[in-house]
Amino acid sequence: MSRYGIPFTVTSLEIKSPYGDNTELFNNVKSFPDLELVVRGQEHPLHLHRCVVVRRSRLFQSLVDARKSPDDPDIAKVEWMFSAESEVKRKALLCALRFCYGETMLIKAEGHECCA
């Protein structure tokens with residue numbers, strides 16, 4: 001119900017990213033990414049920029065900090081530890097990561113996006 005007593009339905013929520021627009025860098029191998037995010041169920045790893053995701057996410061800061069020594073050849077590879085087996089969960093993860101790169105987040109009520 002709206003404050004005027006008229007029922008309404010909200011089917012989506014748009015959240016503007018407070019971060020600068022770096023969307024052209026997201027998962028772009030030509031933009032010199034230095035972090036690979038391996039997500040179970042996704043065919044290829046995501047190519048990310050450590051400085052972008054670490055500055056915007058404490059979770060990614062912890063993932064990167066937990067890596068072994070800097071001499072480890074897999075230092076640039078991180079595995080997503082949460083379930084992402086369903087397509088909607090993978091889409092939600094991509095949406096959140098793109099938000100870190102400056103893209104506006106659009107969450108729809110259909111398709112269980114809100115739950116993911």
Side-chain angles (χ1 to χ4, degrees):
M1 271 287 164
S2 73
R3 65 181 223 197
Y4 301 107
I6 302 168
F8 66 91
T9 304
V10 176
T11 59
S12 66
L13 176 64
E14 188 175 287
I15 305 170
K16 277 226 173 269
S17 177
Y19 309 118
D21 183 6
N22 290 300
T23 53
E24 76 281 353
L25 303 177
F26 180 76
N27 202 27
N28 180 350
V29 293
K30 294 179 181 177
S31 66
F32 303 104
D34 58 354
L35 185 67
E36 283 187 2
L37 179 63
V38 178
V39 180
R40 274 179 271 133
Q42 190 158 312
E43 191 174 341
H44 302 286
L46 295 169
H47 301 280
L48 305 174
H49 300 82
R50 194 179 310 226
C51 65
V52 172
V53 294
V54 164
R55 285 184 177 171
R56 290 156 174 81
S57 168
R58 284 190 219 146
L59 175 63
F60 272 93
Q61 177 69 57
S62 297
L63 283 172
V64 170
D65 287 349
R67 299 307 306 157
K68 299 171 192 154
S69 80
D71 300 329
D72 184 357
D74 286 334
I75 190 74
K77 211 174 246 190
V78 175
E79 188 168 330
W80 187 245
M81 70 291 247
F82 301 107
S83 171
E85 293 164 8
S86 70
E87 184 179 344
V88 73
K89 288 182 180 180
R90 287 190 300 276
K91 281 184 178 181
L93 174 60
L94 289 174
C95 183
L97 287 168
R98 293 182 70 84
F99 182 80
C100 291
Y101 277 79
E103 185 171 284
T104 297
M105 186 182 291
L106 180 64
I107 303 169
K108 295 181 240 160
E110 313 87 47
H112 304 289
E113 282 185 35
C114 290
C115 295

Can you name the closest pair of heavy atoms from Arg50 and Asp34 and give their distance? N-OD1, 2.7 Å

Give me the atom names and distance for the closest heavy-atom approach of Gly102 to Ser17. CA-OG, 3.4 Å

Only pairs at least two apart or in different chains count here, so list each ring pair (Phe, Tyr, Trp, His ring centres under 6.0 Å) that has a residue in residues 28-47. none

Would you check if Val38 and Pro45 make a side-chain contact, meaning some heavy-atom pair closer than 4.5 Å? yes

For the pair Arg90 (side chain) and Ala84 (backbone), establish whether a donor and an acceptor sit closer than 3.5 Å, ignoring hydrogens and angles. yes

Can you find a heavy atom in the side chain of Leu59 that is under 4.5 Å from one in the side chain of Met81? yes

Phe26: what forms a ring pair (Phe, Tyr, Trp, His ring centres under 6.0 Å) with it, not counting sequence neighbours? Tyr101

Please identify each residue that fulfils side-chain contact (heavy atoms from CB on, under 4.5 Å) with Glu85, with sequence neighbours left out. Arg40, Ser83

Once you round to the nearest 0.5 Å, how far does CG of Leu106 lie from CG of Leu13? 8.0 Å

Could you grab the distance from atom SG of Cys95 to atom CD1 of Ile107, nearest 0.5 Å is fine? 6.0 Å

Give a yes or no on whether Phe82 and Leu63 share a hydrophobic cluster (residues Ile, Leu, Val, Met, Phe, Trp, Tyr; joining criterion: side-chain heavy atoms under 4.5 Å apart). yes

Which residues share a side-chain contact (heavy atoms from CB on, under 4.5 Å) with Thr23, sequence neighbours left out: Asp21, Glu103

Closest non-hydrogen contact found for Asn28 with Lys30 is OD1-N, 2.9 Å

Which heavy atom in Phe99 sits nearest to a heavy atom in Pro18, and how many Å separate them? CZ-CD, 3.6 Å

Rounding to 0.5 Å, atoms CE (Met105) and OG (Ser12) come to a distance of 13.5 Å

Going by side chain to side chain donor-acceptor pair (under 3.5 Å), name the residues that satisfy it together with Ser31, two or more places apart in sequence or in a different chain. His49

Rounded to the nearest 0.5 Å, what separation is found between the CG atom of Leu94 and the CD atom of Glu87? 10.0 Å

How many angstroms lie between CH2 in Trp80 and CG in Leu46, if you round to the nearest 0.5 Å? 10.5 Å

Is the closest side-chain heavy-atom distance between Leu37 and Leu97 below 4.5 Å? yes

Going by side chain to side chain donor-acceptor pair (under 3.5 Å), name the residues that satisfy it together with Glu36, two or more places apart in sequence or in a different chain. none

